Amino acid sequence: MVRRQSTDLVNLTVLALLLQGPRHPYELHRLIVDTHHKGHVADLPRSLHHAVDRLMSDALIVADETGREGERAERTVYRITAEGRAELAARLRGLLELPDGDRRTLTTAVSLLGCLPVEEAVRSLGARAAALEGGIAALDGATETLRAGGLPRLLLLELEYARAATAAELQWVRGLLADIRVGELTWPSPLTDADLGARRDLGQAASREDESGRGI
């Protein structure tokens, strides 16, 4: 069953990172920072620990083992459960399929797209494209009705902007679908630690370049 907190982006990110293998919270923290997921995981590390507690209470993850590295404090390693895997896929499909006006949700969903099999991703993106088309038709209808009623364009700019933003997103989604269908965008299912490591390395390199550019 899909739980109602489908827009909890922190929980989603933790589930996605644990899909690649068991990790302790410190590893999760570093991966979130290094792979640029920190944009939708605010208030680290507190929100991360809260997410782990919530996912544990919902039986979506379990404590796998507790170990110690050198003189560091003991760290509990967590792994995703079968229910957690199903929940992750369901939440991702939901975020991909239904536009909600919050750019963070789509940004999060596409950053974790590799957690879904290619076929499921295509279906979900196709559903989003259809929903966006419906949204554009509704905006066009509302705009035409208001314009016919004598409302000046100045008071229709909000609808005009909403249509332009929706059309731009639709164009991008259609392009993404086309790239997947012709094989220009592919991925293993699910992503492996090697894939995640490559993204982490790129994120670290980008961070170093950003710091050097600011003279830090």
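Predicted model only: the values in this text are computed from it and were never measured.
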Next on the checklist: Looking at Thr143 and Asp140, would you say the former's side chain and the latter's main chain have a donor-acceptor pair under 3.5 Å?
Outcome noted: no
Next on the checklist: To check you understand the geometry: which heavy-atom pair defines the closest contact between Met56 and Ala63, and what is its length?
Outcome noted: SD-N, 3.6 Å
Checklist entry - Any idea which heavy atoms bring Leu88 and Ala16 closest together, and the distance? => result CD2-CA, 3.8 Å
Next on the checklist: So, taking the atom named SG in Cys115 and the one named CZ in Arg93, what distance separates them when rounded to the nearest 0.5 Å?
Outcome noted: 12.5 Å
Checklist entry - Can you find a pair of side-chain heavy atoms, one from Val122 and one from Leu177, that are under 4.5 Å apart? => result yes
Checklist entry - To the nearest 0.5 Å, how far apart are CZ in Arg181 and CG in Leu176? => result 10.0 Å
Checklist entry - Stepwise, does the side chain to side chain contact (heavy atoms under 4.5 Å, CB included) test hold for Arg91 with Asn11? => result CA-CA 10 Å; Arg91 291 188 190 188; Asn11 287 8; 3.4 Å; yes
Checklist entry - According to a 4.5 Å side-chain heavy-atom criterion applied to Ile, Leu, Val, Met, Phe, Trp and Tyr, with indirect links allowed, do Leu159 and Leu170 form part of one hydrophobic cluster? => result no
Checklist entry - Do Leu28 and Leu18 have side-chain heavy atoms sitting under 4.5 Å apart? => result yes
Next on the checklist: Working to the nearest 0.5 angstrom, can you tell me the gap between Ile80 CD1 and Leu15 CG?
Outcome noted: 4.5 Å
Checklist entry - Would you call Arg54 and Asp8 a side-chain contact if the rule is heavy atoms closer than 4.5 Å? => result yes
Item to check | Residue that, paired with Leu55, satisfies side chain to side chain contact (heavy atoms under 4.5 Å, CB included) out of Ile61, Val10, Val62 | outcome: Ile61
Checklist entry - Sub-3.5 Å donor-acceptor pair from the side chain of Ser111 to the main-chain atoms of Thr108, do we have one? => result yes
Next on the checklist: Is the shortest side-chain heavy-atom distance between Ile180 and Leu125 below 4.5 Å?
Outcome noted: yes
Checklist outcome for this item: On a heavy-atom basis, the closest approach of Leu151 and Leu155 is CD1-CD1, 3.8 Å
Checklist entry - Going from CG on Leu112 to OG1 on Thr107, what distance comes out if it is rounded to the nearest 0.5 angstrom? => result 10.5 Å
Next on the checklist: Hydrophobic clusters here meaning ILVMFWY residues chained together by side-chain heavy-atom distances under 4.5 Å, can you tell me if Ile136 and Val173 are in one?
Outcome noted: yes
Item to check | NZ/NE/NH1/NH2 to OD/OE distance under 4.0 Å, Glu160 and Arg163 | outcome: no
Checklist entry - Shared ILVMFWY cluster between Leu113 and Val118, side chains joined below 4.5 angstrom? => result yes
Checklist entry - Is there a donor-acceptor pair closer than 3.5 Å between any side-chain N or O of Arg128 and the backbone N or O of Leu96? => result yes
Next on the checklist: Strictly distance-based, threshold 3.5 Å: is any side-chain N or O of Thr81 a donor or acceptor partner for the main-chain N or O of Ala59?
Outcome noted: yes
Next on the checklist: Would you compute the distance between atom NE2 of His24 and atom CG of Asp64 and round it to the nearest 0.5 angstrom?
Outcome noted: 12.5 Å
Checklist outcome for this item: Distance col, row Leu98:CG vs Leu106:CG, nearest 0.5 angstrom, shows 11.5 Å
Checklist entry - So, Glu169 and Arg103, do they make that salt bridge, N to O below 4.0 Å? => result no
Next on the checklist: Could you check whether any side-chain heavy atom of Leu17 comes within less than 4.5 Å of a side-chain heavy atom of Tyr78, counting everything from C-beta outward?
Outcome noted: no
Checklist entry - So do the side chains of Leu95 and Leu12 get within less than 4.5 Å of each other, counting heavy atoms only? => result yes
Item to check | Transitive ILVMFWY side-chain link Leu139 to Leu132, under 4.5 Å | outcome: no
Checklist entry - Considering only heavy atoms from C-beta outward, does the side chain of Glu120 approach that of Leu92 to under 4.5 Å? => result no
Checklist entry - Is any side-chain heavy atom of Arg23 less than 4.5 Å from a side-chain heavy atom of Arg30? => result no
Next on the checklist: If the condition is salt bridge (Lys or Arg N to Asp or Glu O under 4.0 Å), which residues does Glu27 pass it with, not counting sequence neighbours?
Outcome noted: none
